[in-house]
Amino acid sequence: MAAPSIASALRRSLLIKIISKPAPSKEDVASVIELTASKVVEVLQAQSMTLYLVEGNDIAFKQIYYSPTLWSDDKKKEGRFKEMEARLLQLKIPLGTGIVGKVIRTGEPVFFRNTESQAPMMTSMATTTGFDVRSMLTVPLKTSITIGAIQTLNKEYTAGTNGEFTDEDLKLLSEVAEYSSALIHRMVDPKFQVGPEDTARFVSRLTDLPLVSKAEELEIDEKLVEVTGDAVIRREGIFPYKRLASGSVAIVTTNPLDYSKREAFTQSTELSIDEVRVVSATLFDALVTKFFKGSKAPTGPDDVDIGSVTKAISDAYELDAEGGEHRAADLESEDSAPIIQLANRIVEDAYISGASDIHIEPMEKDLLVRYRIDGLCQEKLRLPKQVANSLVTRLKIMCNLDISERRLPQDGRIVFKKFTKKNIDIDLRVATGPMNFGEKVVMRILDKQKSTLPLTALGFSEENLARYRECIRQPYGMILHCGPTGSGKSMTLYSALAEVNTPDVNIQTAEDPIEYTLPGLNQMQMNRQIGLTFAKALRCYLRMDPDVILVGEIRDEETAGIASEAALTGHLLVSTLHTNDAPSTITRLSEMGIEPFNISASLVCVCAQRLLRRVCKNCKIPYEPEGREKQIIEKALGWTGQIFKANAQGCPVCNGQGYKGRVGIHELMVNCEELTEAINREVEVAQLKRIAMKSGMKTLHQDSMLKVKTGLTTVEEALANVPPDLIL
């Protein structure tokens, strides 16, 4: 066995997973024994440790540790100890033999010191062990029965006790044996059950974290719990109970070693975890139930997991195909319980997975469900083709669409809290369309519990952030954000509004849909069916004494014209456009019929943006770029040096993806005298770009390479989203 460092977080995390296995493997048993042994050595600073287990009528040597201090630099002596270890691990002694046999038979510990009466015993042991024995502790491993024993010889001389254990050491060893026995018993006998309290006690002792046995031991901040929300607490398995310093909390959890859950909690709540305590699964569920009255243990139909629902549906169609029970017919009705459960579970599972979009796609032979997570579509599950119509119809019912119309595209909105008892307050923007093999449904998840991020957290470089902040504080003019769907435009606009939102500023927004509800803003939801369009909302707002106006998107000539007029008449107007880069926005506005002199007079800045996946900071790999990669970075930044690439295998923090989260890149084109003249002359886009770059604009490609340089993303991810600039 290696030194105490073997009790690493990785091995401990593995152990927590082992606990829940129905039938542990030999490797699992060995891991638990090794971890227990390493904890003994760590706590007692023992020179030698042996762990024994009862096997039938024998006692088997299961783990042996010898400290390197026993041989120092003597390689021959080290070899002899290695040989002895290998020989003993193959050895079994009859039950009842020696000191260990006595401890296992009586269930009582034995403590031998180097006293006058016990010196002969110590001398006898020295001939067997090959080193002087100063003291010995032997304690039983017992649950309802005694399953083995742990024996330690000599305390390290560096501990300052002349190699002798103390009564306190006996107490510590007995504690380790006590909380380890149940788990070891569980490993060697799968029929033996470990209760939640025993598991929590084991985890607490193993991680040296405090154990909470009763809810009364916690002073719970009810407002903190309410703000965090049932969905986050259940999803991450983390219950925050107290605020500490600004932005940090104390939590209780059943598994403090699940660092991916802890990071996900921090990202969801923007609260760092500074203090951790351990609770049993029973107490954790009791806390959730107490503070969220609608919550309950997963026993009702609303708590069935997606795997159970989809398996039941697949099984039903298999039975139907084999001529067995005809349950499949029930599953082809949009009102059947399995279909209702399936629709809800897909939405809930996507939300918990951190997806931004859900794709329900009919294929020739089955129905494909995919989630978009961190900008990439990932296949989640495949369902029998026969379920497609009923599932799509159910989703249409949820957003009040015409279920009889299958030939034309439709769009709507689902207010999900109407369909679930769980505390998941999200809306879904739904679009349907006829495809080759049926109707496809795409749902954009709008998390109403999610708050906006500060501008500093959006990925702006220091230079761009300073210039952008100056722009949003202008008294009038037009600020435009451009980029494809899902590039973070709305989040940036909301963050900008949050920064200028003060009681003396009147902010009016026209949105389709309202993605975030911000206090202090007057927000209007567009409704094209009754004629409430962006243009009509803008006309209304100009008569309502606004200081700042947000228009969700400039889509047509009428909206563009009114927006330009608003920016020219003393209002700050912010909006979005779908163009590839900042200079192209000028051409797009011209195509909408806005005169060049109105564009140049009203425009404050244009910000093009994209979202790149963040390389996982836990497992990213440093390297020196070569060849084309090096040339691209040097050309963009005039710099080269160490950068990072994603780990192909990933790690638990990034779920094996190599990437975790996303970061924005920006191309900020701020209007200036040279740009105004160029816009009025109607120069081509390439020339506008050159002028903007001379005035300090960093292109999307340059900003993406800056993120590569700072270790936030990879060259591969950057080039996959933004090609190199041709004019550099």
Side-chain angles (χ1 to χ4, degrees), residues 1-8 11 26-27 29-55 58-104 109-115 118-139 141 148-166 169-170 173 176-177 184:
M1 186 187 75
S5 61
I6 199 166
S8 63
R11 184 59 62 88
K26 290 182 179 180
E27 290 76 15
V29 176
S31 294
V32 173
I33 291 172
E34 186 176 23
L35 188 55
T36 302
S38 68
K39 186 67 176 178
V40 170
V41 175
E42 178 185 342
V43 170
L44 269 69
Q45 301 181 61
Q47 254 192 342
S48 171
M49 190 284 322
T50 307
L51 189 148
Y52 306 86
L53 288 183
V54 175
E55 293 185 353
D58 295 322
I59 302 172
F61 291 72
K62 286 296 181 180
Q63 194 73 42
I64 298 171
Y65 167 75
Y66 293 122
S67 170
T69 58
L70 290 171
W71 58 79
S72 189
D73 295 328
D74 190 335
K75 293 297 182 181
K76 288 184 178 180
K77 202 170 185 181
E78 179 183 2
R80 287 198 296 271
F81 276 105
K82 297 293 183 184
E83 290 173 6
M84 186 187 306
E85 177 184 342
R87 187 171 66 254
L88 290 175
L89 288 174
Q90 301 299 317
L91 182 65
K92 291 183 180 181
I93 58 177
L95 198 60
T97 303
I99 297 170
V100 174
K102 178 183 176 183
V103 168
I104 291 174
V110 169
F111 185 3
F112 283 135
R113 294 177 171 88
N114 193 24
T115 61
Q118 295 174 349
M121 171 67 72
M122 300 290 102
T123 303
S124 174
M125 291 188 68
T127 60
T128 305
T129 60
F131 59 91
D132 290 335
V133 179
R134 306 285 299 175
S135 62
M136 178 193 71
L137 297 175
T138 309
V139 299
L141 289 166
I150 300 175
Q151 185 177 83
T152 59
L153 303 176
N154 291 0
K155 200 175 183 74
E156 292 279 14
Y157 284 83
T158 54
T161 60
N162 198 30
E164 296 189 10
F165 292 116
T166 64
D169 290 325
L170 176 60
L173 182 57
V176 174
I184 294 175

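Keep in mind the model is a prediction, meaning the values are calculated, not measured.
Rounding to the nearest 0.5 Å gives a distance of 6.0 Å between CG of Leu137 and CG of Leu173. One distance of note links CG of Asp74 with CZ of Arg80; it measures 6.5 Å at 0.5 Å rounding. Between the CD1 atom in Ile99 and the CE atom in Met125 there is a gap of 5.5 Å [rounded to 0.5 Å].
For the pairing with Leu51, the side-chain contact (heavy atoms from CB on, under 4.5 Å) check across Val40, Leu141, Thr152 returns one residue only, Leu141. When Gln45, Glu156, Gln47 are each tested for a side-chain hydrogen bond (donor to acceptor under 3.5 Å, both in side chains) with Ser67, only one passes: Glu156. Tested against Lys62 for a salt bridge (Lys or Arg N to Asp or Glu O under 4.0 Å), the candidates Glu85, Glu55, Glu34 yield a single pass: Glu55.
When side chains are defined from C-beta on, Met49 counts as touching Ile150, because their heavy atoms get closer than 4.5 Å. The shortest side-chain heavy-atom distance between Thr50 and Val100 does not fall under the 4.5 Å cut-off. Within the 4.5 Å cutoff, the side chain of Val103 has no heavy atoms near those of the Gln151 side chain. Here the side chains of Thr97 and Ile59 are not in contact, with every heavy-atom distance at 4.5 Å or above.
Considering only residues two or more places apart in sequence or on other chains, Phe112 meets the ring pair (Phe, Tyr, Trp, His ring centres under 6.0 Å) condition with none of them.
Closest non-hydrogen pair, Leu88 versus Tyr66, comes out as CD1-OH, 3.7 Å. Contact detail for Pro109 and Leu170: the closest heavy-atom pair is CB-CD1, 4.1 Å. Shown here for Phe165 and Ser135, the closest heavy-atom pair between the two residues is N-OG, 2.9 Å. Between Arg134 and Tyr157, the closest heavy-atom pair is CG-OH, 3.2 Å.
Between the side chain of Lys155 and the backbone N or O of Asn162 there is no donor-acceptor pair closer than 3.5 Å. Side chain of Asn154 to backbone of Asp132: a donor-acceptor contact under 3.5 angstrom is found. Between the Ser48 side chain and the Leu153 main chain, no donor and acceptor come within less than 3.5 Å of each other. Panel note: side chain Thr166, backbone Asp169; a donor-acceptor pair is recorded below 3.5 Å.
Using cut-offs of 30° and 60° for the angle between ring planes, the Phe131 and Phe81 rings count as tilted.
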List the steps and the verdict of side chain to side chain contact (heavy atoms under 4.5 Å, CB included) for Leu53 and Ile184. CA-CA 9 Å; Leu53 288 183; Ile184 294 175; 4.0 Å; yes
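In summary, Glu78 and Lys75 engage in a salt bridge, as defined by a charged side-chain N under 4.0 Å from a carboxylate O.
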